[in-house]
Visitor: 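Below is a structure I'd like to ask you about.
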Amino acid sequence: MGILINKDTRVLVQGITGHEGSLQTEQMIDFGTNIVGGVTPGKGGSEVHKKPVFDSVKEALGETDVDASVIFVPPQFAADGIFEAIDNGIELIVCITEGIPVHDMMRVWAYLKTSSSRLLGPNCPGITTPGASKIGIMPNPIHRPGNIGVVSRSGTLTYEIVDTLSKNGIGQSTSVGIGGDPVNGTSFVDVLELFEEDPETHAVVLVGEIGGTVEEDSIEFIKQMSKPVISYIVGVSAPPGKTMGHAGAIISMGVGTALEKIQAFEKAGITVAKSPSEIVRHVKLPPYKV
Amino acid sequence: MKLYEYEAKEIFLKYDIPIPKSSLVSDIYGAGEAAQKMKDVVIKAQVHTGGRGKAGGIARASGPLEANNSARRILGMSIKGFPVKKVLIEEYREPLKEMYLGITIDRKAKCPVIMASPQGGIDIEDIAKNSPEKITTVHIHPLAGIHEYQARMLAKSLDRNNIPELIDIIKKLYRVFIDNDCQLVEINPLAQTKDGIIALDAKMVIDDNALSRQDFPEEENGSLEEIARKNGMSYVGLDGDIGCIVNGAGLAMATLDMVKYYGGTPANFMDVRAGANEEQVKKALEIVSSGKNVKSIIINIFGGLTKCDEAARGIIDILPELKIPLVIRLSGTNETEGRAMLEKHGIRLAASTEEAAKGVVELGNSNQ
């Protein structure tokens, strides 16, 4: 059921005592996520929402098993938090933090490659499998269990699409936000591979945006997939050379326009929806019918 | 953040990368004085845009009188909308050969990439398009740094007669790139002169996410972009007449696209960020409504961290001063409360991004 997480996934919250860390921990507990504790250096021994707080990931691992960690640490310390999770062999690291310097992320990526950890994000809303577990900050009420996999570079746009699907009676297997930074961990292709293998996922909605070529890079894999992929790419009205909110959303040296991506997808025969409601129409059309 | 040529060259100087003697001036008197010392000079407009040369923002002068005249002309210029407030008076160095050297981030490889071309002085994009075989690229492992053999390969591709000197410059430029959290550092042209290799131009772009640990003075220009940034929001001015306020970058882009899809033209991009509160929404309305040509505004909030009732309060706060019609969509956290508050004030509410975009475009059409 779904990818990467399930109801048994034991989650550690790095930065649990901060405002957002604490608030989102409560939301995750409400959703049904198995939160086993949190980490904030210097706050070890305290509790947040009845969950134990440790000074380090290593100390947490001395008390409990951990399958995944979620990072709410401020941007200037977030890379360190990721390194700590990697060094402690955490399988899945979800980094919510926005604003991490890109040089830090290049170093993280080089380090990550030599480990067995998977990083989702940074600058992402996390991952949700309805009815099972949520790691991240997607609003609780919008999800509905079902068979559509959602993967997106955005936060609130993911909520909009998941909400639109749910309101139209279309449930999701898992919704994944890979993040809006120029250098991140898990890619579109990584998530598509998992959806392709997941028996609960019958079709995938891929939400892309301007900047870089991660959409184009996924075309070859999509063409080989047995499951239909419906895409939606935003930023048609974005001018070149300007960062559109996300650090990674920038048309730079003429590369990364929405139009290029849309044309590349259409040329490859991949469905491109022009709006969230059109995504619903495509999902409901045969042979995609849910 | 883009640095000016003179700022980038000040950094080069610290790292011992050769640059011409120069003097930064903001009035013509300074220009004459500087030219007196150096005799044969180049006067270069300091602006954050390319194509200075074509626009007449670069002039060569011999002697103070000529330098004064050129400086007067260039200081009064505006290049692609950027007024020239400072000029760099530089000693003229005759290039015997113009090369290109740049370092940027390869998003796909997720590491720094150094690009070198024996042909410089023109845009790297043009070299890449017309003669890609003339560009040598080398990827650098961010944890290992640049290896000697990599610098040697690049140096050889630039000019096999000056390898040791070029290796030195390449390694220093990589330090500049790392130490200053650069997204881009570029020397174009990197010139061979009779007295050695020298950086005739310099371009640096710093990662905005790293500005808190770097020490670059931010230039204040009072633009809406700047006001938004200081309030933790992201604004980009566009050409249209429909103001846009959205929480989240992806949803903001989607909203702009929808406005365009229904036949409208957005006046701006505005991401108030997830978690925006009453004050921020109010501030966002102030900023967006002060954009020129804004005739109507669409507000699209999908509450997660942002609470709809707080957003509604921010909107209601500024309502009495606002002369521009609004179309609002509120969904998510505390949606019912937020919508009820706005309905009391007779504000038009939409159920989805698409409905809101359609609504705001229709509003514009009916007002004409």
Side-chain angles (χ1 to χ4, degrees), chain A residues 20 23-24 75-76 98-107 109-111 125 137-139 141-142 152-160 163-164 180-184 207 209-214 217 232 234-239 242-249 253-254 258 274-277, chain B residues 104-105 107-108 110-112 124-125 128 141-144 177-178 181-184 207-210 212-213 225 234 236 238-240 246-261 265-266 269-271 273-275 300-306 331-333 352-354 357:
Chain A
E20 202 186 334
L23 190 82
Q24 294 300 334
Q76 61 272 38
E98 174 171 11
I100 303 178
V102 67
H103 281 242
D104 288 5
M105 282 313 302
M106 289 194 288
R107 285 188 281 270
W109 172 254
Y111 201 65
I137 61 169
M138 294 188 202
I142 59 173
S152 166
R153 277 170 73 186
S154 163
T156 48
L157 182 58
T158 312
Y159 314 162
E160 168 101 16
D163 189 52
T164 307
D181 271 5
V183 173
N184 65 354
V207 185
E209 64 187 34
I210 60 161
T213 57
V214 284
D217 298 343
Y232 176 46
V234 299
V236 175
S237 29
K242 297 277 186 182
T243 305
M244 303 297 268
H246 288 155
M253 294 187 174
K274 297 283 187 290
S275 66
S277 64
Chain B
T104 187
I105 293 165
R107 289 174 64 154
K108 199 168 172 176
K110 305 184 191 197
C111 67
I124 186 71
E125 287 96 325
H141 193 295
L143 297 174
F177 178 79
I178 294 298
D181 275 299
C182 293
Q183 280 180 331
L184 172 76
D207 176 14
D208 288 338
N209 284 345
S212 62
R213 68 182 179 197
E225 275 89 348
S234 168
V236 177
L238 301 167
D239 301 330
V246 189
N247 70 323
L251 188 60
M253 282 187 270
T255 306
L256 262 57
D257 289 357
M258 280 295 111
V259 165
K260 213 173 168 182
Y261 180 78
T265 50
F269 166 94
M270 166 66 105
D271 169 12
R273 301 285 157 121
N300 188 11
I301 304 286
F302 202 111
L305 294 172
T306 305
S331 279
T333 316
S352 67
T353 299
E354 286 160 88

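In what follows, chains carry the letters A, B, and so on, assigned in the order in which the sequence lines appear, proteins first and then strands, with residues in each chain numbered from 1.
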Visitor: Check each atom of A:Gln76 against the heavy atoms of chain B and say whether the ones under 4.5 Å are side chain, backbone, both or neither.
Guide: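 Neither part; nothing is under 4.5 Å.
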Visitor: Relative to chain A, which segment of B:Thr353 carries a heavy atom at a distance below 4.5 Å: side chain, backbone, both, or neither?
Guide: both
Visitor: Which bit of A:Pro101 is near chain B, if near means a heavy-atom gap under 4.5 Å: side chain, backbone, both or neither?
Guide: both
Visitor: Look at A:Asp104 together with B:Arg213 and state whether they make a salt bridge at an N to O cut-off of under 4.0 Å.
Guide: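 Judged by the 4.0 Å cut-off on N to carboxylate O distance, A:Asp104 and B:Arg213 do form a salt bridge.
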Visitor: Count the heavy-atom pairs under 4.5 Å between each of B:Cys182, B:Ser352, B:Ala357, B:Ser331 and chain A, then report the option with the highest count.
Guide: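 Top count of heavy-atom pairs under 4.5 Å with chain A: B:Cys182.
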Visitor: For B:Asn209, which residues count as a side chain to side chain donor-acceptor pair (under 3.5 Å) partner, sequence neighbours excluded?
Guide: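 In terms of side chain to side chain donor-acceptor pair (under 3.5 Å), with neighbours along the sequence ignored, B:Asn209 is linked to no residue.
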Visitor: Test side chain to side chain contact (heavy atoms under 4.5 Å, CB included) on A:His103 and B:Phe177 and set out the steps.
Guide: CA-CA 10 Å; A:His103 281 242; B:Phe177 178 79; 3.4 Å; yes
Visitor: Please report the interatomic distance OG1(A:Thr243) to CG(B:Asp271), rounded to the nearest 0.5 Å.
Guide: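 One gets 11.5 Å once the value is rounded to the nearest 0.5 Å.
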Visitor: Counting only heavy atoms closer than 4.5 Å, note whether A:Pro182 contacts chain B via side chain, backbone, both or neither.
Guide: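 Contact with chain B is through both the backbone and side chain of A:Pro182.
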Visitor: Would you please test A:Asn184 and B:Lys110 for side chain to side chain contact (heavy atoms under 4.5 Å, CB included) and show each step?
Guide: CA-CA 8 Å; A:Asn184 65 354; B:Lys110 305 184 191 197; 3.7 Å; yes
Visitor: Of the backbone (N, CA, C, O) and the side chain (C-beta and beyond), which part of A:Ser237 lies under 4.5 Å from a heavy atom of chain B, both, or neither?
Guide: both
Visitor: Got a sec: does the NZ of A:Lys242 have more than 12 other heavy atoms crowding it under 6.0 Å?
Guide: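 Result for NZ/A:Lys242: open.
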Visitor: In terms of heavy-atom proximity below 4.5 Å to chain A, should B:Ile301 be classed as side chain, backbone, both, or neither?
Guide: neither
Visitor: Counting heavy-atom pairs under 4.5 Å to chain B, which of A:Ala258, A:Pro139, A:Gly235 comes out on top?
Guide: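 Option with the greatest count: A:Gly235.
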Visitor: Counting heavy-atom pairs under 4.5 Å to chain A, which of B:Thr255, B:Asp208, B:Leu256, B:Thr265 comes out on top?
Guide: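 Of the options given, most contacts go to B:Leu256.
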Visitor: For B:Ala252, is it the side chain, the backbone, both or neither that has a heavy atom under 4.5 Å from a heavy atom of chain A?
Guide: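 No part of it gets close to chain A.
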Visitor: Is there a donor-acceptor pair closer than 3.5 Å between any side-chain N or O of B:Asp257 and the backbone N or O of A:Val236?
Guide: yes
Visitor: Partners of A:Asp217 by side chain to side chain donor-acceptor pair (under 3.5 Å), sequence neighbours excluded?
Guide: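 With neighbours one apart ignored, the set is A:Thr213, B:Lys108.
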Visitor: If we define contacts as heavy-atom pairs under 4.5 Å, which of B:Gln183, B:Glu225, B:Glu354, B:Met258 has the most with chain A?
Guide: B:Glu354
Visitor: Below 4.5 Å from any heavy atom of chain A, which atoms of B:Phe302 appear? Answer side chain, backbone, both or neither.
Guide: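 Contact with chain A: backbone and side chain both.
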Visitor: Under 4.5 Å heavy-atom distance to chain B, tell me which part of A:Tyr111 shows up: side chain, backbone, both or neither.
Guide: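 Both backbone and side chain.
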Visitor: Please report the shortest heavy-atom distance between B:His141 and A:Ala110, naming the atom on each side.
Guide: CE1-CB, 3.4 Å
Visitor: So which residue, A:Ala249, A:Pro125, A:Gly211, A:Ala238, ends up with the most heavy-atom pairs under 4.5 Å with chain B?
Guide: A:Gly211
Visitor: Which bit of A:Pro75 comes within less than 4.5 Å of chain B, counting heavy atoms only: side chain, backbone, both or neither?
Guide: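 No part of A:Pro75 comes within 4.5 Å of chain B.
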Visitor: Can you measure from OG1 (A:Thr156) to CG (B:Leu251) and round to the nearest 0.5 angstrom?
Guide: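 So the OG1 of A:Thr156 and the CG of B:Leu251 are separated by 4.5 Å.
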Visitor: Between B:Ala254 and A:Tyr232, what is the shortest heavy-atom contact and its length?
Guide: CB-OH, 3.5 Å
Visitor: Pick one of side chain, backbone, both or neither for A:Ser152, based on which atoms fall under 4.5 Å of a heavy atom in chain B.
Guide: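 A:Ser152 has no heavy atom closer than 4.5 Å to chain B.
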Visitor: Short question: side chain of A:Arg153, backbone of B:Gly250 - any donor-acceptor pair under 3.5 Å?
Guide: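 Judged by distance alone, no pair lies under 3.5 Å.
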